[in-house]
2 protein chains.
Amino acid sequence: MTTPGAGPKGWEAIRAEVLRRIDRREWAPGAVIPPEAELAEEFGVARATVNRALRELALQGVVERRRKAGTRVATHPVRRAVVEIPVTRLEVEGRGQCYAFHLTGCALVVPPPPVLARLGLAPGSRMWHVTTLHLADGRPFLYEDRWLNPAPLPAGFDPSEPALSINEWLVKNVAYTYGDIAFSAEPASEGEALQLDVPKGAPVFVIERTTWAGEVPVTLVRLAYGPGYRLRTVL
Amino acid sequence: MTTPGAGPKGWEAIRAEVLRRIDRREWAPGAVIPPEAELAEEFGVARATVNRALRELALQGVVERRRKAGTRVATHPVRRAVVEIPVTRLEVEGRGQCYAFHLTGCALVVPPPPVLARLGLAPGSRMWHVTTLHLADGRPFLYEDRWLNPAPLPAGFDPSEPALSINEWLVKNVAYTYGDIAFSAEPASEGEALQLDVPKGAPVFVIERTTWAGEVPVTLVRLAYGPGYRLRTVL
DNA sequence: TTCGATAATATGTCTGTACATATTAATCGC
DNA sequence: GCGATTAATATGTACAGACATATTATCGAA
């Protein structure tokens with residue numbers, strides 16, 4: 001339903017038009033599309049505007065761009081989707097449910113070797129091990145199993161008496177820059193099954209996240225969501 | 001390891017510096033940071049450069065921007081992560097495994113009402129129902145359950161004899177613009193269990209995707225991944 | 001006091017020009 | 001012909017100025 005006269009203006013219009021041509025196979029997958037300068041002239045806009053539009057499309061994986069080689073329509077649609085990793089409290093409250101959480105464990109111990117290896121810490125290092133059960137309307141919603149590196153934490157930190165959830169506390173108090181996230185479906189472990197009130201081995205949606213403050217590992221956390229949880233994308 | 005003199009240049013340097021100040025709590029969560037013009041002057045760059053940096057941070061959910069209100073550090077770190085939804089064949093081949101697929105079902109039938117409702121089609125509409133098992137090194141990797149709207153497809157289309165997987169065929173031959181994706185962990189249905197060679201009820205990682213060509217629904221597909229599958233993100 | 005019009009402001013975007021950079025294409029010497 | 005150097009080219013980024021737009025703050029009238 002491409003209304004010629006109306007529609008968006010500026011770089012979004014350029015993006016839409018390029019997308020339309022790709023969809024109509026005027027520009028076939030794998031083919032090189034005209035250079036920015038040419039498109040700019042055709043559309044009567046500055047090259048920067050075309051650049052913005054094409055850059056956006058490249059971000060979504062619709063086209064691939066390389067210097068000198070030009071811009072070509074992606075043959076393999078590695079579509080990129082943006083997912084929002086929400087703060088649990090807000091997610092629960094956003095559903096109109098009542099949020100609460102409950103500390104189920106907290107100790108300063110030596111984690112199993114895989115955890116240390118994953119974070120690049122020396123064998124034998126001690127870390128906080130904090131487990132939290134998050135509740136929505138009093139029912140188990142998410143079981144959180146977190147390892148915390150004491151190093152970047154303020155001195156005298158004691159995670160056993162938080163006013164906020166550990167995650168929110170961290171966000172407010174500890175620097176962290178980047179990390180990586182993995183999603184998977186896994187059978188509920190014994191502990192998770194108990195806490196989430198599901199049979200052992202039942203499917204739980206798992207988000208595993210590591211975060212770093214510069215070079216220093218901050219935390220490794222495993223979030224196990226109860227049944228029915230869905231992670232959606234925008235765009 | 002913030003090397004003062006070296007490091008990136010241009011807008012990436014601005015982004016890094018802003019991120020650093022946020023990390024060090026020089027700009028606290030919730031606080032408004034100086035306007036673009038001011039930062040541009042401080043860093044000795046054009047406002048457009050600062051804009052680019054801040055726009056990028058807003059995209060990642062680190063800051064929130066609103067006209068006139070200014071830019072403020074996100075209090076609730078709704079971190080956005082970009083996930084790549086790969087083409088199965090490439091994903092398998094990327095692991096150095098041998099890819100194959102096997103059509104397990106194909107029929108033009110009236111889908112269950114939820115499917116039609118989800119796609120906004122009239123009750124009683126007929127759709128292609130195509131199920132495919134994707135194999136990695138001969139072992140079940142992914143079970144695909146797809147509903148295809150015949151309307152946007154070329155006349156005389158017959159999905160029962162594809163040279164490529166349906167997904168790749170679609171990408172090359174049917175226009176599609178946008179869609180939405182949801183991730184979840186679900187117990188394997190009887191059929192999925194059989195095809196993926198896992199016990200019934202075992203956890204499968206499910207990606208459910210709907211795609212649209214403009215106003216016309218194209219396909220609704222449920223991808224059930226076998227055990228051990230992980231979806232990773234960068235950033 | 002409160003509601004509504006108005007001004008002020010920060011971001012959003014566009015333009016045109018300029019230079020940087022990566023990569024391909026062409027050219028030259030052998 | 002073939003390999004190495006050089007030129008050409010398309011994108012990446014920067015800049016300064018300008019106008020658009022959303023939203024807040026202010027001020028005046030009822």
Side-chain angles (χ1 to χ4, degrees), chain A residues 5-19 21-22 27-75 78 80 82 234-235, chain B residues 5-19 21-22 27-75 78 80 82:
Chain A
K9 291 173 181 178
W11 69 268
E12 295 198 283
I14 308 293
R15 179 182 61 177
E17 174 60 17
V18 170
L19 208 50
R21 292 187 187 180
I22 291 174
W27 292 336
V32 177
I33 76 176
E36 291 182 351
E38 217 167 289
L39 292 176
E41 192 181 11
E42 181 195 336
F43 295 132
V45 299
R47 187 170 77 89
T49 308
V50 175
N51 182 284
R52 174 78 190 269
L54 293 181
R55 186 151 39 82
E56 213 78 11
L57 286 173
L59 203 84
Q60 291 172 33
V62 176
V63 300
E64 288 166 6
R65 323 193 68 200
R66 267 168 50 217
R67 282 179 178 168
K68 163 74 181 178
T71 303
R72 60 182 55 215
V73 181
T75 43
V78 186
R80 294 179 180 84
V82 178
V234 285
L235 244 182
Chain B
K9 291 175 181 178
W11 68 268
E12 295 197 309
I14 309 293
R15 179 181 61 177
E17 173 60 18
V18 170
L19 207 51
R21 292 188 186 180
I22 290 173
W27 293 335
V32 177
I33 76 177
E36 290 182 352
E38 215 167 291
L39 292 176
E41 192 181 10
E42 180 194 337
F43 294 132
V45 299
R47 186 169 77 90
T49 308
V50 175
N51 182 284
R52 175 79 189 272
L54 293 181
R55 184 150 40 78
E56 214 78 9
L57 287 173
L59 203 84
Q60 292 171 31
V62 176
V63 300
E64 288 167 5
R65 322 193 71 198
R66 269 166 50 216
R67 283 180 177 165
K68 164 71 181 179
T71 303
R72 60 182 56 216
V73 181
T75 42
V78 187
R80 294 180 183 84
V82 178

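Order of the sequence lines fixes the chain letters, A, B, ..., with proteins taken first and strands second; residue numbering starts at 1 for each chain. These values consider heavy atoms only, across backbone and side chains, with no hydrogens, waters or symmetry-generated copies. Not measured: the values here are computed from a predicted model.
- At least one donor-acceptor pair closer than 3.5 Å links the side chain of A/Arg72 to the backbone N or O of A/Gly30.
- Going from atom CH2 of B/Trp11 over to atom C1' of D/dC15 covers 17 Å, rounded to whole Å.
- Nearest approach of B/Gly61 to B/Ala74, heavy atoms of both residues: O-CB, 3.4 Å.
- Side-chain contact between A/Leu59 and B/Leu59 is present, with at least one heavy-atom pair separated by less than 4.5 Å.
- Within the structure, a side-chain polar atom (N or O) of B/Thr71 is placed less than 4.0 Å from OP1 or OP2 of C/dT11.
- Atoms CZ (B/Phe43) and C1' (D/dC15) sit 17 Å apart, rounded to a whole Å.
- Out of D/dT13, D/dT21, D/dA8, the shortest distance to the side chain of B/Arg67 is found at D/dT21.
- Considering all non-hydrogen atoms of both residues, B/Arg47 and B/Ala37 come closest at CD-N, 4.0 Å.
- One can place CZ of B/Arg52 at 8 Å from C1' of D/dG12, the figure rounded to the nearest angstrom.
- Counting only heavy atoms from C-beta on, B/Arg47 has its side chain closest to C/dT11 among D/dA22, C/dA25, C/dT11.
- At least one side-chain nitrogen or oxygen of B/Asn51 sits closer than 4.0 Å to the OP1 or OP2 atom of C/dG12.
- No more than 12 heavy atoms of other residues, nucleotides or ligands lie within 6.0 Å of CD in B/Glu41, so this atom counts as exposed by the packing criterion.
- Of all heavy-atom pairs spanning A/Arg65 and A/Glu36, the tightest one is NH2-OE2, 2.6 Å.
- Sorted by residue number, the members of residues 32-42 of chain A with any non-hydrogen atom under 4.0 Å from DNA chain D read A/Pro35, A/Glu36.
- Distances were taken from every side-chain heavy atom of B/Arg65 (C-beta onward) to each of D/dT13, C/dG12, D/dC15; the shortest belongs to C/dG12.
- The side chain of A/Thr49 approaches C/dT15 more closely than any other nucleotide in the set C/dT15, D/dG12, D/dA16.
- Atom CG of A/Leu57 is separated from atom C1' of D/dT11 by 15 Å (rounded to the nearest Å).
- Each of A/Ala48 and A/Leu54 was matched to the nucleotide of DNA chain D holding its nearest heavy atom; the match closer to the 5' end belongs to A/Leu54.
- Of the candidate nucleotides C/dT13, C/dT15, C/dT9, C/dT9 has the atom lying nearest to any side-chain atom of B/Lys68.
- If you check every strand for non-hydrogen atoms under 4.0 Å, A/Arg66 touches sugar and phosphate atoms only.
- Distance check, rounded to the nearest 0.5 Å: CD1 of A/Ile14 to CG of A/Leu39 gives 8.0 Å.
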